[in-house]
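The structure appears below as structure tokens.
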Amino acid sequence: MDCIFCQIVAGKVPSEILYQDEELIAFRDINPIAPTHLVIIPREHIPSLADLSEAQSPLTGHMVNIANQLAKREGIAEGGYRLVINCGEEGGQAVPHLHMHLLGGRKLSDKLG
Ligand code: 5GP
Ligand code: ZN
């Protein structure tokens, strides 16, 4: 198992876990690009958004719901925030385990990419 996020799920790599349930965990990004930078991932190793089956697609709604809750908890819900899923090399995905970024706490760039 050489996937870094699977190792975080398994507790083999330490991280600051802020939320967990049967399907998801959320933790602080090790290299934050905003005052709040969290990563929300499924426990299951799904390599990217492109690999998500139709049956698995409700997972993304669950990820958004948890991200919204965490934004409130982090105190960034009123100011605004951004949810990002990078998919594949040209989409900027570095870790090949599906994940959603929750970014906020400062005015984010108007440019998307
Ligand atoms: P990507 O570029 O694939 O969309 O995002 C991967 C994110 O995972 C990056 O923001 C990176 O800083 C974060 N990351 C990579 N390895 C680790 C780690 O071991 N622990 C934590 N907490 N975050 C990580
Ligand atoms: Zn994985």
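Two residues are said to be in side-chain contact when any heavy atoms from C-beta on lie closer than 4.5 Å; E23 and L59 meet this criterion. For the pair V13/I4, a side-chain contact is recorded, criterion being any heavy-atom separation below 4.5 Å from C-beta on. Contact annotation: the side chain of L98 never approaches that of S48 to less than 4.5 Å [non-hydrogen atoms, C-beta and beyond]. Side chains of K12 and C6 form no contact here, defined as non-hydrogen atoms less than 4.5 Å apart.
Separation of atoms CE (M63) and CE (M100) is listed at 5.0 Å; rounding is to 0.5 Å. Q69 contributes atom CD, which lies 5.0 Å from atom CG of N65 (distance to the nearest 0.5 angstrom). Annotation: the span from H37 atom NE2 to Y81 atom OH amounts to 15.0 Å, rounded to 0.5 Å. Summarising the geometry, atom CG belonging to L38 is positioned 13.0 Å from atom NE2 belonging to H99; distances are rounded to the nearest 0.5 Å.
One hydrophobic cluster, built from ILVMFWY side chains closer than 4.5 Å, cannot hold both I85 and V95; they sit in different ones. Note on I46: it does not cluster hydrophobically with I25, by side-chain heavy-atom contacts below 4.5 Å among ILVMFWY residues. V64 and V39 fall into different hydrophobic clusters, defined by Ile, Leu, Val, Met, Phe, Trp and Tyr side-chain heavy atoms under 4.5 Å apart, directly or through other members. Under the 4.5 Å side-chain heavy-atom criterion for ILVMFWY residues, no single connected hydrophobic cluster contains both I66 and I41. Residue L52 is grouped with residue L24 when hydrophobic side chains (ILVMFWY) are merged at heavy-atom distances under 4.5 angstrom, including chains of intermediate members.
The ring-ring contact (aromatic ring centres under 6.0 Å, His included) test applied to F27 returns F5, not counting sequence neighbours. Under the salt bridge (charged side-chain N to carboxylate O under 4.0 Å, His left out) criterion, E90 pairs with no residue at all, not counting sequence neighbours. In this structure H62 satisfies the ring-ring contact (aromatic ring centres under 6.0 Å, His included) test with no other residue, sequence neighbours excluded. Remark: S57 pairs with no residue by the side chain to side chain donor-acceptor pair (under 3.5 Å) rule, at least two apart or across chains. Remark: N86 engages V84, Q93, H101 in a side chain to side chain contact (heavy atoms under 4.5 Å, CB included) (not counting sequence neighbours).
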Kindly list each side-chain donor-acceptor pair under 3.5 angstrom involving residues 102-112, sequence neighbours excluded, with atom names and distances?
residue : atom : partner : partner atom : Å
R106    : NE   : I33     : O            : 3.4
R106    : NH2  : I33     : O            : 2.8
K107    : NZ   : D110    : OD1          : 3.0
S109    : OG   : K111    : N            : 2.9
S109    : OG   : K111    : O            : 3.4

Donor-acceptor pairs are to be reported for all side-chain atoms of residues 73-80 against protein atoms at under 3.5 Å, with residues two or more places apart or in another chain.
residue : atom : partner : partner atom : Å
R73     : NH1  : L18     : O            : 2.7
E74     : OE1  : R28     : NH1          : 3.1
E74     : OE1  : T36     : OG1          : 3.3
E74     : OE2  : R28     : NH2          : 3.1

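Taking all atoms of both residues into account, the shortest heavy-atom contact from I40 to A26 is CG1-CB, 3.8 Å.
Residue pairs meeting the salt bridge (Lys or Arg N to Asp or Glu O under 4.0 Å) criterion with at least one partner in residues 39-62, sequence neighbours excluded, do not occur; the list is empty.
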